[in-house]
There are 2 protein chains.
Amino acid sequence: MKQTVSAPTHTCRKANDVIALIGDKWTVHIVMLLASGTQRFSDIQRQVDGISRKMLTVTLRGLERDGYVTRTVYATVPPRVDYALTPFGCELVGPLRALGDWAIANQPRVIAARVAYDRRDLAA
Amino acid sequence: MKQTVSAPTHTCRKANDVIALIGDKWTVHIVMLLASGTQRFSDIQRQVDGISRKMLTVTLRGLERDGYVTRTVYATVPPRVDYALTPFGCELVGPLRALGDWAIANQPRVIAARVAYDRRDLAA
DNA sequence: AGTTTAGGTCTCTTTTAGAAACAAAAGGTT
DNA sequence: AACCTTTTGTTTCTAAAAGAGACCTAAACT
């Protein structure tokens, strides 16, 4: 029997692959940061609260690979590496900022919902 | 010495907490699905390609806890459980759909960027 | 009796995230 | 000369999370 993968399913799987990176919590922060201009590695690390060097490297490499950011290495010692959005990356800023702003604006409601849920759970 | 956590940093950490769930690859799919109406557990599982029962349970529970969806259990055998967006969850649909649509529309460009990157990488 | 069904849970294995040590090499300091 | 600092990583090791698959319940059907 042939595989029964419908067209919509196929589209979803591919979109999922894109979303897996752009929806990532670190990615949202980093892209919003870079939206305000070029930054070097250590600048980003300082501004993205709680990220480890490793995860920053991994995330930035992924963003570079997918075409959202450029990585410019200066052959100095100690090294200096600049990250900046590509034009394609700039296009992503709109929808991503919408999500980020929504999250910031509605965070108190989420916290309230959590507290209510956990209290209800406790009572049961 | 006092902790030096600036106000923006504080805001970012809290927003991060919200984004960690709403930006999740499964969440985006599930919320978009529920946007078109109430669905039962097995319906969602069938439509969200590749999700395991466990991850579907975990994700839906998280969405319920944060106030985005309601969970209605019917005491029948075999059981039946309906999931639906709350009014709050409906508010999330806008920004989430924007992101999802962007991902679908631009997926080919991402794939192209990846291929180019990997080829460049290989040549080096 | 035995089978099927829906919505989970439980256990076990594989990935992934995160913390922390190490690298490299030019320039300044002792 | 030997040592320290600086920046951007990489490597290693541990903890947490995701995924695969068996198991559970109990009514209705065969």
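Naming: A, B, ... by sequence-line order, numbering from 1 per chain. Treat the numbers as computed from the prediction; the structure is a model and nothing was measured.
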So, Gln47(A) side chain and Asp43(A) main chain: donor-acceptor pair closer than 3.5 Å or not?
yes
For the side chain of Lys54(B), starting at C-beta, report the closest nucleotide among dA18(D), dG18(C), dC23(D).
dA18(D)
Would you indicate what Tyr74(A) reaches in the nucleic acid, counting non-hydrogen atoms under 4.0 angstrom: base, sugar-phosphate, or nothing?
nothing
Nucleotides 27-30 of chain D: which of its N/O atoms have a protein N/O under 3.5 Å away?
none

Tell me the interatomic distance from [X], atom [atom1], to [N], atom [atom2], rounded to whole angstroms.
{"X": "Phe41(B)", "N": "dT5(C)", "atom1": "CZ", "atom2": "P", "result": "16 Å"}
{"X": "Glu64(B)", "N": "dG8(C)", "atom1": "CD", "atom2": "P", "result": "10 Å"}
{"X": "Arg40(A)", "N": "dT6(D)", "atom1": "CZ", "atom2": "P", "result": "13 Å"}
{"X": "Arg71(B)", "N": "dA6(C)", "atom1": "CZ", "atom2": "P", "result": "16 Å"}
{"X": "Asp24(A)", "N": "dA17(D)", "atom1": "CG", "atom2": "P", "result": "15 Å"}

Looking at Arg53(A) and dG9(D), is any side-chain donor or acceptor paired with a base atom of the opposite kind under 3.5 Å?
yes
Apply side chain to side chain contact (heavy atoms under 4.5 Å, CB included) to Glu91(A) and Trp102(B), showing your working.
CA-CA 9 Å; Glu91(A) 290 178 40; Trp102(B) 193 94; 4.3 Å; yes
Distance test, side-chain N/O of Ser52(B) to OP1/OP2 of dA18(D), below 4.0 Å
no
